[in-house]
Amino acid sequence: MASVSINNVGKYYGLVEALKGISVDVKDGEFVILVGPSGCGKSTLLRMIAGLEDISSGEVEIGSRVVNDLPPKARDIAMVFQNYALYPHMTVAQNMAFSLKLAKVPKTEIQTKVNRAAEILGLQSLLERPPGQLSGGQRQRVAMGRAIVRDPEVFLFDEPLSNLDAKLRVQMRSEIKELHQRLRTTTIYVTHDQIEAMTMADKIVVMHDGIIEQIGSPLDLYDRPKNLFVAGFIGSPSMNFINGTLGPDGFRTDDGILMPVKTGDQRASGISATYGIRPEHFKLDAAGLPLEVVVVEPTGSETQVLGRMGEHNVTGVFRERIDAKPGSTINVTPDAASIHLFDINGGRLN
Ligand code: ADP
């Protein structure tokens, strides 16, 4: 196992600056997820760590070695791709053994390693099948098996679950997390899915347009997003944002509704600001603010209400079952202790 240090790394594709001086420290044994919208540069960064893409500026260290000029096979990493990249004419066992065979590892050692990986991944009964006779989840496991047999310093995953259906994605998410808990191999994982990032990572790196917006644990990012971008990207349904003025008595929306803030968050002279509230931080309260119901979405465990508060669209999520008709009004109170406030540049105020 090894730490990975990404120091002020930049990448140009011709004139396009895909990465603008990125720095991330990945500790030995840590599970770090790079997340961000499509085109933010996360695959480019992963491919640079793997050695599949040149580094335009800065340094990548694995262990304490700068690897900028090392070819992929000298970096002691194993990568799992979105499309699995299995050889269709080889059996599961042969697929897993392939890289070891190329490296001229003795046959008995290959067999031991393949059997161990098969056992870890529950693939023992499938070793003689070709990939064509496997389900999507099983293929994904073989791709991971191929990485495990190499016993690398670092696992790199590039959107490994995107090709699976929703249910299998949830299952594989916990399988990968459990695998990491067992093997403790340093892992860097790319996804555009913030739920995947939240549920699996020790540390999340939120990227946007070639820069890092914030690095932190999943709950750090959820509870204290540094700016509007992270606040809007992490969490589903998304945080509600309402523009207005933060003054001495709280936050006044631009259509005149007074919203509560925590003691100490008020401003003596009013400033323009954005009020951020997560859907679950509204409470049903007969004395609260009116929310005109547009759509009610019950999931059984909770009820999501899309509605209008003054002139703003607002989403609330409630543990209670709410049987409100579209056009009717419910009353809700924001939990002042859980409010996020941002300045006009999108930076966090509280
Ligand atoms: P992500 O993985 O976050 O979707 P990428 O790392 O694939 O983003 O891409 C980051 C940026 O670099 C995008 O603007 C993309 O168009 C550009 N890019 C990626 N690969 C190439 C390439 N081979 N040639 C030119 N531009 C590229």
Side-chain angles (χ1 to χ4, degrees), residues 37 193-195 198 206 208 213-214 218-267 270-350:
D193 178 351
Q194 58 92 22
I195 299 276
M198 289 294 288
V206 181
H208 179 213
E213 294 279 0
Q214 189 169 356
L219 295 181
D220 275 351
L221 298 189
Y222 194 85
D223 293 339
R224 288 198 60 78
K226 228 169 92 178
N227 56 39
L228 270 178
F229 179 81
V230 177
F233 187 76
I234 299 286
S236 175
S238 292
M239 189 185 287
N240 298 288
F241 294 126
I242 303 175
N243 292 331
T245 307
L246 184 60
D249 50 354
F251 181 90
R252 178 83 54 186
T253 66
D254 47 18
D255 54 348
I257 302 171
L258 186 65
M259 312 284 274
V261 300
K262 240 187 4 263
T263 310
D265 282 348
Q266 300 90 343
R267 291 292 186 278
I271 57 164
S272 294
T274 300
Y275 189 87
I277 174 165
R278 293 206 182 275
E280 69 273 25
H281 291 146
F282 284 111
K283 301 219 168 359
L284 291 176
D285 172 7
L289 301 165
L291 178 68
E292 187 193 331
V293 175
V294 178
V295 175
V296 177
E297 294 178 352
T299 66
S301 62
E302 58 191 24
T303 312
Q304 191 171 319
V305 176
L306 311 170
R308 302 273 300 165
M309 184 172 283
E311 287 162 18
H312 296 275
N313 291 325
V314 163
T315 302
V317 171
F318 305 92
R319 298 298 301 181
E320 296 89 343
R321 298 200 165 180
I322 298 174
D323 187 21
K325 299 274 169 292
S328 67
T329 297
I330 60 173
N331 292 81
V332 297
T333 295
D335 173 21
S338 308
I339 294 308
H340 308 260
L341 294 165
F342 302 97
D343 64 21
I344 48 168
N345 298 315
R348 188 177 186 93
L349 272 171
N350 62 337

Please test Gln214 against Asn227 for side chain to side chain donor-acceptor pair (under 3.5 Å), starting from the C-alpha separation and ending with a verdict. CA-CA 8 Å; Gln214 189 169 356; Asn227 56 39; 5.8 Å; no
Taking atom CG of Asp335 and atom CG of Asp285, what is their separation to the nearest 0.5 Å? 11.5 Å
Of all heavy-atom pairs between Ala337 and Lys262, which one has the smallest distance, and what is that distance? CA-CG, 3.8 Å
Would you say Arg321 has more than 12 foreign heavy atoms packed within less than 6.0 Å of its CZ? no
When every non-hydrogen atom of Met309 is compared with those of Asp255, the smallest separation belongs to O-OD2, 4.0 Å
Run the side-chain contact (heavy atoms from CB on, under 4.5 Å) test on Ile330 and Val293 for me, step by step, so that the C-alpha distance in whole Å, both residues' side-chain angles and the decisive distance to 0.1 Å come before the verdict. CA-CA 7 Å; Ile330 60 173; Val293 175; 4.1 Å; yes
Measuring from atom OG1 of Thr329 to atom CG of Leu289, what distance do you get when rounded to the nearest 0.5 angstrom? 12.0 Å
Between Arg224 (side chain) and Tyr222 (backbone), is there a donor-acceptor pair under 3.5 Å? no
Give the minimum heavy-atom separation between Leu349 and Ala273, together with the two atoms involved. CD1-CB, 4.0 Å
Which atom names give the shortest non-hydrogen contact between Ile339 and Pro334, and what distance separates them? CD1-CB, 4.2 Å
Are Thr315 and Asn240 close enough that some pair of their side-chain heavy atoms sits under 4.5 Å apart? yes
So, does Arg348 use its side chain to make a donor-acceptor pair with the main chain of Pro225 at under 3.5 Å? yes
Nearest-0.5 Å distance, CD1 of residue Ile234 to CD of residue Glu213: 11.0 Å
Evaluate the side-chain proximity of Val294 to Asn313: yes if any heavy-atom separation is below 4.5 Å, no if none is. no
Report the distance from atom CD of Glu280 to atom CZ of Arg319, rounding to the nearest 0.5 Å. 10.5 Å
Is the Phe229 ring parallel, tilted or perpendicular to the His208 ring (thresholds 30°, 60°)? parallel
Pair Val314-Val332, side-chain contact (heavy atoms from CB on, under 4.5 Å): steps then yes or no: CA-CA 11 Å; Val314 163; Val332 297; over 6 Å; no
What distance separates Met198 CE from Leu219 CG, expressed to the nearest 0.5 Å? 5.5 Å
Nearest non-hydrogen partners of Phe233 and Gln194, listed with the distance: O-CG, 3.3 Å
Considering all heavy atoms, the nearest Leu291-Gly307 contact: CD1-C, 3.9 Å
Please check this pair: side chain of Thr303 against backbone of Glu320, looking for a donor-acceptor N/O pair closer than 3.5 Å. yes
So, the side chain of Tyr275 versus the backbone of Leu246: is there a donor-acceptor pair under 3.5 Å, distance only? no
N/O donor-acceptor pair under 3.5 Å between Asn350 side chain and Leu341 backbone: yes
Val305 side chain near Phe282 side chain, heavy-atom distance below 4.5 Å: no
About how many Å separate CD1 of Ile257 and CZ of Arg252, when rounded to the nearest 0.5 Å? 9.5 Å
Gln266, CD atom: more than 12 neighbouring heavy atoms under 6.0 Å: yes
Can you tell me if Asn345 uses its side chain to pair, donor with acceptor, with the backbone of Gly347 under 3.5 Å? no
How far apart are the C-alpha atoms of Asp323 and Lys325, what are their side-chain angles, what is the distance that settles it, and do they pass the salt bridge (charged side-chain N to carboxylate O under 4.0 Å, His left out) test? CA-CA 7 Å; Asp323 187 21; Lys325 299 274 169 292; 3.8 Å; yes
Please test Asp254 against His312 for side chain to side chain donor-acceptor pair (under 3.5 Å), starting from the C-alpha separation and ending with a verdict. CA-CA 10 Å; Asp254 47 18; His312 296 275; 2.8 Å; yes
